[in-house]
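The structure appears below as structure tokens.
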Amino acid sequence: MNGAEIPVSYVIVLTLLLFSIGMLGVLTRKNIIVIFMSVEIMLNSVNLLFVAFSRFWNDLSGEMAVFFVMAIAAAEAAIGLALVISLHRKFHTVDITEIKELKN
Amino acid sequence: MEWYQSEILWSLIKILVLFFLIITGAGYYTLMERKGAGYFQLRYGPNRAGIWGIFQPLADGIKFLLKQETLPKHVDVYLFLLAPAISVITAVLLWSTIPFTPLIDLPFEVLGKSQVALQVLNPGSGILLLFAISSLSVYGVMLAGWSSNNKYSLLGAVRSTAQMISYELSLSLSIIGVIMMAGHFDLYRIIEAQNENGWFFLSVPGFLGFFVFIVALFAETNRLPFDLAEAESELVVGFHTEYGAFKFALFFVAEYMNMITVSFLTVILFFGGWNIPFFLRDMVSGMWWGPLVGVLFFVFKAMFFMFLFIWVRWSLPRFRYDQLMNIGWKYLLPMALIQIFMAGIYLYLK
Amino acid sequence: MENIREILFFLFAFVMMGASFGVILHKNPVKSALFLVVFFVSLASLYGVLGAEFLAVLQVLVYVGAIMVLFLFVIMLIAVRDENFENIGANKGKTMVVFLLVLAFTMQFAALASVLSSDDKINTKTEYSKTIDSAQNLTIEGNAEVLSFHLFEKYILPFELISIVLLIGVIGAVVIAKKNRRRLE
Amino acid sequence: MNEILLIAAIWLPFLGFLANGLLSLKKEPASQKLVSIFGVGSVLISFLIFIFLTFAENTAIVSQSGFSAMFFTWINVGTLSADFAYKLDGLSVFMAWIVTGIGMLIHIYSTGYMEEEKPHFARFFAYLNLFIFAMLHLVLGDSLPLLFLGWEGVGLCSYLLIGFDYDKDFAAVAGKKAFITNRIGDAGFIIGMFLLFQLTGSLKYDEIYGFFGANSVDASTLNIIALCLFVGAMGKSAQIPLYVWLPDAMAGPTPVSALIHAATMVTAGVFMIARLAPVFLGAPEASTVIAFVGGFTALLSALIALTQTDIKKVLAYSTVSQLGYMFMAMGVGAYGAGMFHLMTHAFFKALLFLGSGAVILALHHEQDMRRMGGLYKHVKLLAILFWVAAVAISGIPGLSGFFSKDMILEMAYTFANGGKILFLLGFMTAILTSFYIFRLIFLTFHTSGDAVKKMEEGGSHGHGHDEHGHHSHHSGLVPLGWNIMGPLVVLGVLSVFGGYVGLPHIITHKTPGIVGYFDQVLSVAPSKAAESWHQHIEGSTAWLLMLASIGVAFLGLFTAWFFYQKQNKVPAEDSVKRSFFVHLSFNKFFVDEIYEKILLNPLKKIADLSYKIIDVKIIDASIDYLGKITLLIGSYMRRLQTGVTPNYALYIVSGTVVIAFIVFGGLN
Amino acid sequence: MNPDKDIKSTASVTEKEMPGVIKTGTLPDGRMTINLGPSHPATHGILENHVILDGEKIEECIPVIGYVHRTFEKMGEHYGYNQFLVCTDRMNYISTPMNNIGWILAVENMLGIEVPAKVTVIRMIMSELSRIIDHIISMGILGVDLGAFASFLYMFHKREEVYDIIDKLTGARLTNTFCRVGGLERDVYPEFVKDVKYFLKTFPKVLKENDKLLTKSRIFYERTKDAGKISAQRALEYGFTGPNLRAAGVNFDVRVDNPYMFYDQVKFDIPVGETGAVYDRFLVRVEEMQQSMGIIRQLIDNIPEGSYHADVPHVYLPEKNKVYTSMEDLIYHFKIIMQGIKIPRGQFYSSTEAANGELAFTIISRGEKSPWRLRVRRPCFWYYQAFPELVKGGFLADAIANMSSLNVIAGELDG
């Protein structure tokens, strides 16, 4: 195993694609939970980029960032899902297009 | 390097040996459970297939294999079939990270090697990887429950998930003291540290950690008094209500495999793994087969915990859902945190 | 064996692409979540390939072991039905706009990648993950130790803050999800 | 060790406050025993610590320097630094004794007095403890900022305690009045403080003393500073023209009146002047003003007190009057005499207030003296104690008040700038004092009327100001427990013997003990103080003065006896038309009404005008137009708001794409 | 859970909320409906409960009965008085002798037959033995439903011994039909006293083991101490009797309050609980077993000599060999077989304390060979009414524990 092997540009392209897929999911899906999951995809694609650059520059700060993002994501998932539950309790649906409280 | 000295071949052999061991082990563990239960309840347990029912596991296996495979109409087929597989795969993967022997210096060469250790994979992140894999095992239960499309199964799955979320935290925290005292994630290092300083079980944080660990283990392996996911009097049999024949056997075997693995893990973390207690250690030191005696002790210690699982199961009633949560969050978690704190004090005093 | 990491990279990359499409295209949220599990597992593997082995384990532990379990728990708890995809076809204009926008987005940022030539390679060198008998002694290299020094010395303040954030998250989740005494309607 | 003890003594009441404050938050009333233990215990321990510190060997308190204890740094900006540091010297230990000692007695008294107030018991004690805490900061702080902190703290507590029955209008109004009036004084105080800082470059007493010791300052500068500071003292210590809040402050529970509005807080101004003696010594004109303001205050409020019918109102005006005496002493440079009177006054006025509280309590919250009388038969001990206090305040020889009052009059007499006038003012006040206080005694305890009978007949009258709505049982007097009578007896003993620390020189032929003490501890200007003493009047004149004041005291006693005992006169009902002077006095010389006419109404008109022009026409209008424009834009933008979340996400993405175009410049 | 709530609230699920009642599914607001039974491991016998779950909490519970409805009462109106015995066997089939005795006492009282003391003593011993085996089942099943299997089997071991005794005595283990109007079917076998004494000697040991495994188990205690609480007032309103009523704190026992047989001549205590919760019911049953053993101990050495039936030839079938040899007996045999036992006109009520509560028979006779109207008070029926109230607001697992500890026997419940 001789050190440098994977071109960093590959990873960038991969993360871009993943990020865009996640974004598509956020924009097109109606189920809040699925949208939430798509957000997780976006988040993780950025994480991947962090890791790649961290290895690329040999600076562990990037990996630290991923570490912190994971911790935040855990908190965010807990809060988000709690919100989903209370939304569902109120509207009896998780379809985001049916929840239009913002309008009125 | 000759062809037979290849790492891959060597790993393959170890994988085969260990796989055979776990499958037979799980089989005979079921026999042990049934015999044990029998004696606990004033009856004999299996005694027809061979003396002491020694062929019972084989008979059971054949029976499960030959039974008609049924696939209920209303299930989600792929996930329904995937669930037992996940259970078994994670169980076997877990098994692969357990170090069973120290590095043994053989007086002769086997396949061009004179040093042997029976472990398929020794990851750098050691016990963390073990927990990562074990956290996957909940998917087996969860998918089985969901894909069965059955109320009882779903309730079982939901219970199991909640239980897993609650107890995995305590489980992970309970070993932090051990990791702090050993100074490493690596299972070898943990055992070696105990070789030098005595079993972690005997230190205050280690004892507390062990207590939390063993309780959380019962919950993680879905054993009584925490077997809410398959509480037969409430949920029929919970998540595997719709399973039969070999698919059920896979769940069954996976449960026993997990119990064996965690028994070994308990010994590694708190009871010094293959380390030989008392004066016996001096008697065998220097001999090349000395470590093999250690392995024998290792297995015996693990057997004790395997027995403990049986013992507890046939003696205690089951908890209720809210009690389960209470214990997890209000007792085990604080205790685990105290344990970490005490480990800090312990290290500071040292 | 020389370019095994590259092969693995492409393997996991394609699995991840497929899984992420699965997430956003599957009707059933449970299946979506399972695709996401696959996505996370292969992402963890990709971390391993890139040499961030500790993060790989962490990814599985945190995302697969905790977050996704939570997701599935919630989906099961509120018994989500399959999503109706018919409306997407009905609103073609909006869908087109969405696709175009995302495409534009991708193209814009793809420009970034072109800055780096394919000669810039990632250093994946770490000494870990070896079977015990090939390492003659018990020393095993991993990046956990280096990482921990970073974590507890350089980033100690963020680390503490994160712990507070997590605590708030836990309390917040409990408060939000706690049922009101009176049932709605 | 001593430092820690000192800090502990100051912060203990705070702990008491915290404990009782937390207890008061409970939904059901906390255990009164627990609250009493916290409340009384903390002050008691603090008092014991002060005793210990006073007699401890190495504290060197009875000296000019004393010792200080640093707690923590509070403010540190530029050259201004203020710490939570405490200074225990002769002056402050004297005050600390009074504050904690009398405070403790009043705490004990309150456990009895407030017993019925079950829901607010803990809250009351929390406020009292907080007051002690603030007051200790006021007297023990080693710098002006800390004094000011305590100054404001006691103000706050006073406000809270006056408005203790905040659900009653008059209490809330009185609280506000006290607070606002004090703010006027505070403004002057702060200005004075700033000027002093500008002059000396520090706010620490030691450094200020050092500055005055080293430099001689122009008197005109000091005059301004002194006057500004005196404005502050006017507010806190209720001098003309800011005295109006004090009589109204009697809306608070009686122990509060005793503790805050008689014994301790209101003397803060006197204390402040003593503390900053170098400033005032260097400002003769300002001192003269102080002396005259004090004198006039004494006279005016004594005049008002003559005709009041509310027992607590009489005492309140009496307090104002006595405070006037103290300021007179301060103004003529007799700091020792002023502080002496502060102490004796604390004793007998606390006794009077607590005694009146006992009367009020015994009579089911009846405060009107017209409905009292003949109480002597029922509460003998209380009547005796009242007599003791009255004799003390009226200046009849042998009891504490005589010595201190006489000393002040003597000192005033010798004052260079209009000393005779001052003496005359004080002299007249003395007559009046004696009259109104014995009038109170006769009306309450001795007239042929029988309060108990009146009370039972006119049961429905309960409109006294301290009325608490407990009229369910009107049969007989409310029994007074040991925790009410105990403190009264202690205070009675003090009122009798408290004066002997300052026997006049004409008897002992040397400097009175207390004056010597203060000469020593205020040694910042020993020459000045000593000078004023040594150029003392002839012995015969002193005897004469003393005899005169004794005479007027007895005159007042006799007059009061004649009118109210002999002739059995009861003050007329409110509605009855009175002769002009009585009318004037009864209505407090219409000071409140005058303030309203002269000050409040013009202010209100200006405020109204500026609201109509500036607020409505300029500020509001411009905002309205901004709003209208925004509305216009909003009516178009509203269509973007579909309420569907993914659409918003879409806008975000569009924005990102646009920004990316700008940043990366297209698709290259 | 508030047991003093209005009884109406137990059936507040409207048709709209739970369409078709029997259907399972998910309600629109996410609540789940499941069927506990009719074939569920925890419903011993065939009981059906429609349960609405909110998470794990039970919001509504609607019991459905009638799966084992066998029209005993109507059958009784066509059978002869001795023939109806086999029906009583099948009511509470885990303590059959008590049902027999209850019925026979009713008939004998109507006829005014005085049976020999020996018969009564043996009937009492049988009663108490069957009370013990009934409680063994009830307690053991409670353990099983809570997941503790061992204790159940320990006790069942001893239960088998009692069954052996019954087997030897009557020739059948479960449905023994041992009593007859006017006496017993046959005399006791010679080792009867020895067998019973052996049982009395060994059973306390098992009870002690049971104490260790369940009574003193912290988990068991926590599981059961709050489950299914019911106030004494409410229990009375529901018509509770027997151990379940006593667990709620009401000191009522037919054996004491309205003594029959020789219960007024033996000494025993009546255990009374406090909260009426599952744990109290459990403890009351444990103590009742001790008391039953005490009663048997007092009786077993004092079985009087004498005949095993009263001398009432028109009621009690003559011995078979006498039928062949004696004319008189042949006639009686013929009359009893062909015409049955005739009972004078009138209405009669008799109640006994069965293992599960007050078992009472109301007979209206018009002088025929069978009652004109028969009504049986089956204790379970009253317990089961309270089931929804007991479980509502509790956890699913509590419902299971409740069902076991109420000891609802389907055969008795459905009649």
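These numbers come from the heavy atoms of this one structure, side chains and all, not from hydrogens, waters or symmetry mates. In what follows, chains are A, B, ... by sequence order, proteins preceding strands, each numbered from 1.
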Can the positive tip of E/Arg159 be found less than 6.0 Å from the middle of the six-membered ring of E/Phe156, inside 45° of the ring normal?
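Positive - E/Arg159 is close enough to the ring of E/Phe156 and near enough to its axis.
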Among the options B/Leu155, B/Asp227, B/Val158, pick out the one with the most heavy-atom pairs lying under 4.5 Å from chain E.
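When all of B/Leu155, B/Asp227, B/Val158 are compared, B/Leu155 has the most.
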Measure E/Phe395 against the heavy atoms of chain B and call it side chain, backbone, both or neither at under 4.5 Å.
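When you check distances to chain B, only side chain atoms of E/Phe395 fall under 4.5 Å.
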Among B/Phe305, B/Phe309, B/Phe226, which one satisfies ring pair (Phe, Tyr, Trp, His ring centres under 6.0 Å) with B/Phe218?
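Checked B/Phe305, B/Phe309, B/Phe226 against B/Phe218; only one passes ring pair (Phe, Tyr, Trp, His ring centres under 6.0 Å): B/Phe309.
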Counting heavy atoms not belonging to B/Phe207, are there more than 12 under 6.0 Å from its CZ?
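No - once you tally the heavy atoms of other residues, nucleotides and ligands closer than 6.0 Å, there are 12 at most.
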Below 4.5 Å from any heavy atom of chain E, which atoms of B/Phe319 appear? Answer side chain, backbone, both or neither.
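For B/Phe319, heavy atoms of backbone and side chain both lie under 4.5 Å from chain E.
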If you count heavy-atom pairs under 4.5 Å with chain B, which of E/Ser217, E/Ala399, E/Ala397 comes out on top?
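Greatest number of close heavy-atom pairs with chain B: E/Ala397.
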With a 4.0 Å cut-off, would you call E/Glu288 and E/Arg281 a salt bridge?
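Salt bridge: no.
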